[in-house]
Amino acid sequence: MNHWLTAPIVLPLLGGLLQIFMGYAPLGLRRTLGLATTTLLLVVSVALLMLADDGAYRAYAFGNWAPPFGIVLVLDRLAALMLVVTSVLALFCHIYSTRGTDAVGRHFHALFLFQLMGLNIAFLTGDLFNLFVAFEVLLIASYGLLMHGGGTIRTIPGLHYVVLNLIGSSLFLISAGMLYSVLGTLNLADLAVKVPQVSGSDQVVVQAAGMLLLIVFALKAAVLPLCFWLPQAYSTATAPVAALFSVMTKVGIYAILRVYSLVFGDDAGALAHLGMDWLFPLSLLTLAVGVIGALSAQSLRRLTAWQVIISVGTLLAALSLTSVAGTSAALFYLINTTWVVGGMFLVADLVARQRGSVEDRIVTAPRMRSRTLLSVFFLFGAIACAGLPPLSGFFAKVLILQAVTPGWTMAWLWGVIMVGSFLTLIAYSRAGSIVFWRNVEGHVKDPGRLTLPVTVSAGALIATSIVIVAMAGPISRYTDATAQQLHTPSAYIEILDTPQVNGGSEQ
Amino acid sequence: MTLALVVLLPFLGAIVAPLFAQAGRTAIAIASSLPPIVALAALYPHWSTLAAGGVLVQTHEWLPAIGLSLSFRLDGLSLLFALLILVIGVLIILYARYYLKKHENVGKFYSLLLLFMGSMLGIVLSSNLLLMLIFWELTSVVSFLLISFWNYKQDARRGARMALAVTGGGGLALLAGVLLLGQIVGSYELDDVLAAADTIKASSLYPVALTLVLLGAFTKSAQFPFHFWLPHAMQAPTPVSAYLHSATMVKAGIFLMARLYPALAGTELWFYMVSFTGMATLLIGAYTALFKHDLKGLLAHSTVSHLGLITLLFGMGTKLAAIAAVFHVINHATFKASLFMAAGIIDHETGTRDMRRINGLWQFMPHTATLAMVAAASMAGVPLLNGFLSKEMFFAESLNLNLPGIWAYLPPVVATLAGVFAVAYSARFIHDVFFNGKPVDLPIYPPHEPPRYMKIPVEILVFACVMVGVFPTFAIGPLLYAAAEATLAGPVPEYHLTIVHGFNLPLLMSFLAFFLGLLMYTQRQRFFDFHARFREIDEKAVFEAAVSRVVEWARRFIEVLENGSLQRYVLLLLLATLAVTIVPITSLGFNVGSLGISPIDLPTTVGSLILIGCALGAAAMHRERLYALILLSVVGLMVALTFARFSAPDLAMTQLSVEVVTIVLLMLALYYLPSWTPREASLFRRWRDAIIALVAGSGMFLITLAMLTRPLDSISRYFLENSVEGGGGSNVVNVILVDFRGFDTLGEITVLAIAALGIYAMLRETKLTAPPTDGQGHPWSTDAHPTILKQISRPLLPLALMVSAFIFLRGHNMPGGGFIAGLITAVAIILQYIASGMTWSHQRMPFNLQTPVALGLFIATATGLASFAFGYPFLTSTFSHIHWPVVGDFELASAMAFDIGVYLTVVGATLMILASLGRLTNQSEVKPGAY
């Protein structure tokens, strides 16, 4: 067993603990330690990705209890990809936060690192109940981060967020209980073995549990009609938090992808592709509502928040095709959208800081101090978000469009995505031309200066849309391989054969 | 490699050029003209191959996953367009040097111009449809930035956004069309697509694909009904207009039709769609051009009209028509570019473009006037100029269309009519501007000839017009032939490039158009009066209003959906849950498993009745907060008893202590809330919610019934069997918590720690003013810490701590453990807080409460990490028995250390949460930084 599998979890845990112990140390030191943790996390994630790229499943049995009895971590291509996507985003958000965000409230770095720990548990775990625990860690840390900086404006959407998610947690527990009562196990691989074997009324219980679980994940992913908590929460959160949260909906999507490709995947017999017939129309509706929301947005942050929902719709539409091509396309899109949307939240914040009381609202205001640079950032981000060439969004979109075969599914998917892209284009061009070009006389008192860390972190996230294009070949090869792996659940099941370790003889 | 380099050069230039901005306009113009000149030089060696009918294709792999490759193709057609783009591009660069003012952002201008040039080159040189599409959309984006170059002008911004919406939207249609072609053919390589012409036309997807591709071409080339964006794009600086309207942007759509001509053309659908669109555009553009008083407006609408002409020629579907179309592309580009430049010179020198004010310029700038007049004559189709030749071919082709019955007259009539208008507006351009009396209060008077070098590009282009017009075979013959060959992708029919083909019907049509056009110009005032009766539509305003309407509509729609009501969101969540589970649950029905229903006994019945009653009571009394809380606590206690009744003592103990802590915390929170709330929900809502609750509850009941009556064959058997042997403890629940699933516990105590930190962070800055009285108006008791409570609680503390130590130690084998022990300790300390106040308690616990939390979590983690040292996975436990005098045989498990971590975290976190809440109450009492 490779102990490095635990690193993405233990590292932020220890880093977070260090932050608590050093609660009264100078801020500079805490920042350095926090950033060091995030950087190490990125290094570890990349190493794990290279490890996972051989296509093998690596299981890690906690407490040396062989699966399905103990909890296992499972590293495969998907998990590694999610780790890297998260840690890249996290590093830049973390850098950004060191220019003051971390000082407006207590325990920012600890919460930030615990949040990463929760995310990484969710991506690595091979156990349904442990996934629940990961969701709890995530939820509570994200709630703390959402509230970071305080103020009534954050309290209300934060309350909505936490209440809805606690209901979600209850549903998760009920669902896990139902599955356990019938299948007698919580290990994902073991569940995948047991699901095709049930029949009769047992099968109905499993079906109900599966659908319940889908609701839980859909709430996390912000699928219509469970997405309305998101825009307000994200657009009021501090910038690095909002940017980091562009990966939060992806956790829900990851969970859907993992559970519904493995437990209810191609080999699940009567329950194969459970709920995907619901998911496809809902995801298209989500996309549509996201686009309408983007058009309605009155500030750049809300525009970006609705872009998160657009991404969710697009991603799930591709996933619910339940084909290798669709899954691969969705994963490619996921990388692009997570990073770029994160960057857009940061850019919106930079814009807001230079426009005085108008902040990032889409209205006329005096000219910004750093208009040229910010408008270039926005332009690139908007192009990537709207899926125009030559940036990564376009390639992702083409991959998704190519993933369907002619028929009604294709007509719907293409229709919604095309019309959606068109309206998104209008929304972005309108917002951009008003915010950057429609200026009035006068000047903002004491506009925020662009410092190197914030510029670099916002710019780097936006620039990933170029990097992804440059590396489109290897990335799409990787997502293809990942999709192949996901659509061969039988290989995942083999982790059940993970033996116990005997004595201190192994690596 | 060459071709990729040719495309890449302008992009490199776009990066390098701005660096010369500081060095002045001349320097940057020279720097910018280098890439196109080098590109021309790089293309030159290939001419001999192409003239012989060869095709150069260079392919590099890029993204095979989506069928995208970096493949470039040079044949006659792409060479023709590349030459137009590069040559006119160089001339524009030179021209812009004198057009732009010193203070303008020349760096940005030249950079964008080169980007645009590169994108256009990319379109015409791509041999992969997806690659072409990338450049296609790039031109949309870059033209958006070029049109809005003067972004402080509202018209420029609006014109730019409109252009982006139309061409970008068309690009999306084209993307869909190209993807469909790819689906049909199985490749995006142009060679494959052209070779699969028959497959494409036979495919059931052909009509859809064709429509989508044409949508892309029509929007880009400003065909009716998408023509409206083009005239507004002239808000750009004139060099940009000259470039966009002549050789580039709008020609991209035309190029696409030419490029895919062999693959898509030749069907009825193509014929009707393309030729009728072309006809409509031709007429509308020509008609509107006449009535524009703005010089550039006239030219812009004339561009629309000429694009319609070319489209119509492609639509006709005959080979000769296609050749004529290609020919007219060249001719239009030359005369239109020179005309725009002339208009720019006039604008530059007079300060206006209004033809009602610009008159009689012949006296002031005869040189420019001569050039403009020749170009305008070419636009009108005067013999011995290039415009005439292609127009004659067009007239001839319009006569050759085999339309049924009376429809056969339509094309020639439309062609002639458009010719009439073309002559009329060209005549206006010449006469109104350069003659027709004296100028009317020009902003700049008297106008002068422009700088010498500003005229050179115009001169070159006008010279080309004349050369082609007089010596067509010599000047353009081989290039046109190569282009025609590439367009048709097959044998080129015989055609003659001679000045006059003899006296025939087309020539007659030309004369007719010429005569009627001049007549129309002389009678123009009548037409102006007629036209003035119709309200002019400002497409920009219409577009803007449409966008605003859409935005407004979207806003209202979203406000209805996202109304910020938690009740609404919870309702949606519950309804969604019911919607997806209702089918399986109803099909499950009243399903009792093989275990059957256990007999009903009295204690259980009474207990459940109390539980149900209190739960209902809590819901019913939710507006009276204190009572609701008391009822809730009873529910909690009953749940604890239920656990005890069904032999789950650990759960019962946990539930009990959790219950105590929760209620204390809630009581603290209640202090700040009014003791009751008014009824807010309507009767309908309450009943609706009650029904939803009932349905959800029933569903839950049916599920639970099915679950509990099934024999559980699960992994728990393994836990029972291995607990003592592998985990070293006989309390399976505890062994599961600290060993089998220790990682879950680690996660959960992390949750607890985060919650404590989060609440601390959240409440630290919060200041709440407590109400002076309770809900009924009674003042609070002045005796905050009653003596009796104080006296009882203090001796209780050591006792409670001892109990919790006991519970902790026995945990591994008997009901108990770190979690419960932690809660008991916490409750005992909470009691001290309540009884004696915070200040008193903190004096006796002079440490930071974050420390036990972090320490606990650290101990738990360290226990896990310790296994690494022995080569075992994280959290692997070990245990041995030791003899402890008095206490007896005692088992020491590494899990115990883990449990200490759990214990510390629970105590610390609970107290931290409590202290944070309590701090709000006792702002004055607590010392800053006391915890």
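Keep in mind that this is a model prediction, so the values were computed, not measured. First the proteins, then the strands, lettered A, B, ... as listed; each starts at 1.
If you measure heavy-atom distances from A:Leu212 to chain B, the contacts under 4.5 Å come from both the backbone and the side chain. B:Leu752 does not touch chain A: none of its heavy atoms, backbone or side chain, sits under 4.5 Å away. Contacts between A:Leu14 and chain B at a heavy-atom distance below 4.5 Å involve the side chain alone, from C-beta outward. For A:Ile292, the parts sitting under 4.5 Å from any heavy atom of chain B are the backbone and the side chain alike. Of the atoms belonging to B:Glu562, heavy atoms from both backbone and side chain fall under 4.5 Å from chain A. For a residue to count as touching a neighbouring chain, one of its non-hydrogen atoms must lie under 4.5 Å from one of that chain's; by this rule B:Phe719 touches chain A with the side chain only. The contact between A:Phe394 and chain B is made entirely by side chain atoms (from C-beta outward), counting heavy-atom distances below 4.5 Å. Residue contact with chain B, scored on non-hydrogen atoms closer than 4.5 Å, involves the backbone and the side chain of A:Ser433 alike. Residue A:Val206 does not touch chain B at all, counting heavy-atom pairs closer than 4.5 Å. For A:Phe62, the parts lying near chain B are the backbone and the side chain together; criterion is any non-hydrogen pair under 4.5 Å. When heavy atoms are compared at a cutoff of 4.5 Å, A:Leu171 approaches chain B solely by way of its side chain, counted from C-beta outward. In this structure, chain A has heavy atoms under 4.5 Å from both the backbone and the side chain of B:Ala579.
Of the listed residues (B:Leu561, B:Leu164, B:Thr581, B:Val547), the one with the most heavy-atom contacts under 4.5 Å to chain A is B:Leu561. Contact count against chain B (heavy-atom pairs under 4.5 Å) is highest for A:Ile167 among A:Leu111, A:Leu186, A:Val291, A:Ile167. Considering only heavy-atom pairs separated by less than 4.5 Å from chain A, the leading option among B:Asp739, B:Thr851, B:Val570 is B:Asp739. Listed options A:Ala329, A:Ala472, A:Gly70, A:Gly144 were ranked by heavy-atom pairs under 4.5 angstrom with chain B; first place goes to A:Ala472. Interface remark: of the candidates A:Ser296, A:Gly177, A:Gly168, A:Ser296 forms the most heavy-atom pairs closer than 4.5 Å to chain B. With respect to chain A, the highest number of heavy-atom pairs below 4.5 Å among B:Phe743, B:Phe874, B:Phe740 belongs to B:Phe743. The candidate with the highest count of non-hydrogen atom pairs below 4.5 Å against chain A, out of B:Val141, B:Val580, B:Leu875, is B:Val580. Counting heavy-atom pairs under 4.5 Å between each of A:Arg154, A:Arg477, A:Arg438 and chain B puts A:Arg438 at the top. Counting heavy-atom pairs under 4.5 Å between each of A:Arg367, A:Met147, A:Gln402, A:His148 and chain B puts A:Gln402 at the top. Here B:Ala176 is the residue among B:Ala176, B:Ser587, B:Gly742, B:Ser877 with the most heavy-atom pairs under 4.5 Å with chain A. Interface check for chain A: of the options B:Leu175, B:Ile585, B:Leu138, the most heavy-atom pairs under 4.5 Å are formed by B:Leu175. Between chain B and the residues A:Trp229, A:Phe132, A:Phe422, the largest count of heavy-atom pairs under 4.5 Å involves A:Phe422.
In this structure, A:His3 and B:Phe868 have tilted ring planes: the angle between them lies in the 30° to 60° band. Between A:His160 and B:Tyr569, the two ring planes are perpendicular [angle over 60°; tilted spans 30° to 60°].
Side-chain contact check for A:Asp127 and A:Asn187: no donor-acceptor pair (N or O, by modelled atom type) lies under 3.5 Å. Looking at A:Thr479 and A:Ser328, their side chains do bring a donor and an acceptor atom within 3.5 Å of each other. A donor-acceptor pair shorter than 3.5 Å can be found between the side chains of A:Ser142 and A:Tyr161.
Pairing each heavy atom of B:Arg710 with each of B:Gly593, the nearest pair is NH1-CA, 4.1 Å. The two residues A:Tyr180 and A:Thr185 make their nearest non-hydrogen contact at CD1-N, 3.5 Å.
B:Thr876 places no side-chain N or O within donor-acceptor distance of the main-chain N or O of B:Ser867, the cut-off being under 3.5 Å. Here the side chain of A:Gln500 pairs a donor or acceptor atom with the backbone of A:Asn64 at under 3.5 angstrom.
In this structure B:Arg157 satisfies the side chain to side chain donor-acceptor pair (under 3.5 Å) test with no other residue, sequence neighbours excluded. For B:Thr750, there are no side chain to side chain donor-acceptor pair (under 3.5 Å) partners, not counting sequence neighbours.
Side chains of A:Leu226 and A:Ile215 form a contact here, defined as non-hydrogen atoms less than 4.5 Å apart.
Within 6.0 Å of atom CZ in B:Phe858, 12 or fewer heavy atoms from other residues, nucleotides or ligands are found, so the atom counts as exposed in its surroundings.
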